[in-house]
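Each ligand, and each atom within it, is numbered from 1 in the order the structure gives.
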Amino acid sequence: MDAGTLHLVAERLAKARRVVAITGAGVSAESGIRTFRDTMDGLWKEFDPQRLATPEAFERDPATVTRWYDHRRLGCLAADPNPGHLALARLEARLADAGLGFVLATQNVDRLHQRAGSRRVLELHGSIMEWRCTATGRKLVPDPSPMTRFPPPSPFAEGALLRPDVVWFGELLPMEVFAAAERASRACDVFLSVGTSSVVFPAAGLIRTAAAHGAYTVEINREETAASVWVDAALRGPSGEVLPRLLAAMGPG
Ligand code: BJW
């Protein structure tokens, strides 16, 4: 990672009045949670997340889809937040203590930001920790133990099923949540895009919204992404290393 760019970004952050961070699967990779566009191995090697994360897949084969989500839910419960999650929580606390604004919009469904101490988290793609009834929409938090029936029957309506309360391809994002993320992106001075490939819309459009409204845009990622060509600064490396270094470079709060 280029130390000059790191210090430039730290300076921008230290002067910012409003900061937005959007996170993707890469932020949780160092907690042992697989990213979406990683190659699959082991038990799930024949399953393509991009094909399973759809309402059509659930309709066609609800047992396989819910079994996959329960397997992932248990993986998320067993995982711990990593230094990247913790650094974002510390950044929020630092800005809040100074009366400044910070909004964290995540595409992740694993709740690791909340467990790291982030207080205001906009879950753009829902949460795997909550499941909802296909008939009534009522939600529940399943026990931390493995589910025993696939697909799980809904306790709320005869003949209905439970599905994870996540946003699949072709489904709408929770309207209020996305509207809040858009408002914050329009109003921020610095926008951080962390550990996301920036290919899934409308979340991937937020950084463009921020740039169009004058924000300084920064990408933190191990690799180049769809947004790399036009961001103001790119910090290459694992977010669990880059984010703590960035915070340290901001100096005392
Ligand atoms: C590291 C690292 C480390 C690794 N440190 N970095 C406009 C244009 C084109 C298409 C569309 C459009 N608008 C809508 C669409 C359709 C579609 C879409 O975007 N398709 C694209 C794929 C082309 N969007 C939708 O369908 C959305 N709905 C919608 O728009 O509704 C309106 C509508 C309805 C009907 C018709 C048309 C429009 C809904 C999108 C929902 C996405 N859902 C998922 C699954 C969630 C549930 C679950 O968890 O299973 O969300 S898909 C999946 O992708 C998941 C993720 O949140 C999302 C983004 O992935 P993410 O987080 O970026 O992960 P990866 O794996 O892609 O990238 C990881 C990155 O980390 C990489 O860059 C690595 O390098 C990096 N990395 N380790 C830092 N240690």
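Polar contact check, Ala53 against ligand 1: no nitrogen or oxygen pair lies under 3.5 Å apart. For ligand 1, the polar-atom distance check against Asn221 finds a nitrogen or oxygen pair separated by under 3.5 Å. An N or O contact shorter than 3.5 Å is missing between Trp168 and ligand 1 by distance.
Every atom of ligand 1 is numbered from 1 in the order shown, and the set under 4.0 Å from a heavy atom of Val109 is 49 (O). Within ligand 1, counting atoms from 1 as listed, the ones closer than 4.0 Å to a heavy atom of Leu172 are 31 (O), 32 (C). Of all atoms in ligand 1, numbered sequentially from 1 with element shown, those under 4.0 Å from a heavy atom of Ala29 are 78 (N). In the vicinity of Glu30, heavy-atom distances shorter than 4.0 Å reach the ligand 1 atoms 3 (C), 5 (N), 80 (N).
The aromatic rings of Tyr69 and Trp131 lie perpendicular to each other, with more than 60° between the two planes, well past the 30° mark.
Electrostatic pairing of Asp97 and Arg94 does not count as a salt bridge here, judged by no charged N lying under 4.0 Å from a carboxylate O. By the 4.0 Å N-to-carboxylate-O rule, Asp165 lies close enough to Lys139 to be salt-bridged with it.
Ranking protein heavy atoms by distance to atom 23 (C) of ligand 1, first place goes to Val199 O, 3.9 Å. Considering only non-hydrogen protein atoms, atom 18 (C) of ligand 1 sits nearest to Phe201 N, 3.9 Å.
Per-atom contact check: atom 48 (C) of ligand 1 touches the protein, criterion being a heavy-atom distance below 4.0 Å.
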